[in-house]
Amino acid sequence: MPLELQINGTTHQLDVEADTPLLWVIRDELGLTGTKYGCGLAQCGACTVLVQGNPVRACVTPVESVAGLPITTIEAIEQDDVGRKVVEAWVAHQVPQCGYCQSGQVMAATALLKQTPQPSEEDIAAAMTNLCRCGTYNAIAAAVRDVAKA
Ligand code: FES
Ligand code: FES
């Protein structure tokens with residue numbers, strides 16, 4: 001049975017095993033390589049995408065569990081008003097260093113700011129759990145605060 005996936009507003013019929021991680025489907029089947037593979041263990045957040053607006057670690061998400069649900073990847077995040085503001089703040093603060101973790105960080109920040117437009121410091125700390133080997137955490141928090149102020 002093909003699975004139906006709604007990615008970035010487009011419906012795809014895909015012939016994949018039901019337990020295939022969503023990350024591999026996004027990257028290998030659909031060629032959307034902005035979503036990154038880091039740990040494969042739900043620890044780092046590099047693979048974060050939004051499912052119904054909620055941040056999800058795609059490396060441990062069986063594709064069957066999100067069939068038919070709206071999924072957003074980094075490639076479409078600027079089509080969202082909040083996502084676009086997050087990207088603009090990331091640029092203004094020059095957040096990325098190597099950049100590897102940053103698509104996941106942007107997704108997590110967008111989810112936070114859509115659900116909690118004016119997050120407290122505690123909200124930011126609780127939501128922004130993605131790892132960054134380059135230590136961009138202060139710049140990330142500053143960019144999130146800027147979007148909240150705007
Ligand atoms: S690659 Fe998914 S959490 Fe690290
Ligand atoms: S910018 Fe390098 S890992 Fe985060």
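Atoms considered below: every heavy atom in the structure, side chains included; atoms not considered: hydrogens, waters and symmetry mates. Indexing begins at 1, ligand by ligand and atom by atom, following the structure's order.
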I need the single residue from Gln43, Arg57, Gln102 that forms a side chain to side chain donor-acceptor pair (under 3.5 Å) with Asn130. Which is it?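 For Asn130, the side chain to side chain donor-acceptor pair (under 3.5 Å) check succeeds only for Arg57.
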Regarding Cys132, does it place an N, O or S atom less than 2.8 Å from atom 4 (Fe) of ligand 2?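 Yes, Cys132 qualifies, because one of its backbone or side-chain N, O or S atoms lies under 2.8 Å.
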Under 4.0 Å from a heavy atom of [X]: which atoms of ligand 1 are those, numbered in the order shown and with their elements?
| X | answer |
| --- | --- |
| Cys59 | 1 (S), 2 (Fe), 3 (S) |
| Cys47 | 1 (S), 2 (Fe), 3 (S) |
| Cys44 | 1 (S), 3 (S), 4 (Fe) |
| Ala42 | 3 (S) |
| Gln43 | 3 (S) |

Enclosure of Glu64 CD (heavy-atom neighbours >12, cutoff 6.0 Å):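 Result for CD/Glu64: open.
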Of all the non-hydrogen atoms in the protein, which one sits nearest to atom 1 (S) of ligand 1, and at what distance? Gly38 N, 3.1 Å
Looking only at protein heavy atoms, identify the closest one to atom 3 (S) of ligand 1 and say how far it is in Å.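 Of the protein heavy atoms, Gly45 N, 3.1 Å lies nearest.
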Donor-acceptor pair, [X] side chain versus [Y] backbone, under 3.5 Å?
| X | Y | answer |
| --- | --- | --- |
| Ser103 | Gly34 | yes |
| Gln115 | Leu112 | no |
| Gln52 | Leu69 | no |
| Tyr37 | Cys59 | no |
| Glu78 | Arg84 | no |

Gln118 and Asp123 side chains, donor-acceptor separation under 3.5 Å: no
Is atom 2 (Fe) of ligand 2 less than 2.8 Å from at least one N/O/S atom of Cys134?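 Coordinating: yes.
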Out of all atoms in ligand 2, which are within 4.0 Å of some heavy atom of Gln102? Include the element for each.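 Taking each heavy atom of Gln102 in turn, ligand 2 has 1 (S), 4 (Fe) under 4.0 Å.
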Would you say Cys39 has an N, O or S atom lying under 2.8 Å from atom 4 (Fe) of ligand 1?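 Under 2.8 Å: Cys39 contacts atom 4 (Fe) of ligand 1 through an N, O or S atom.
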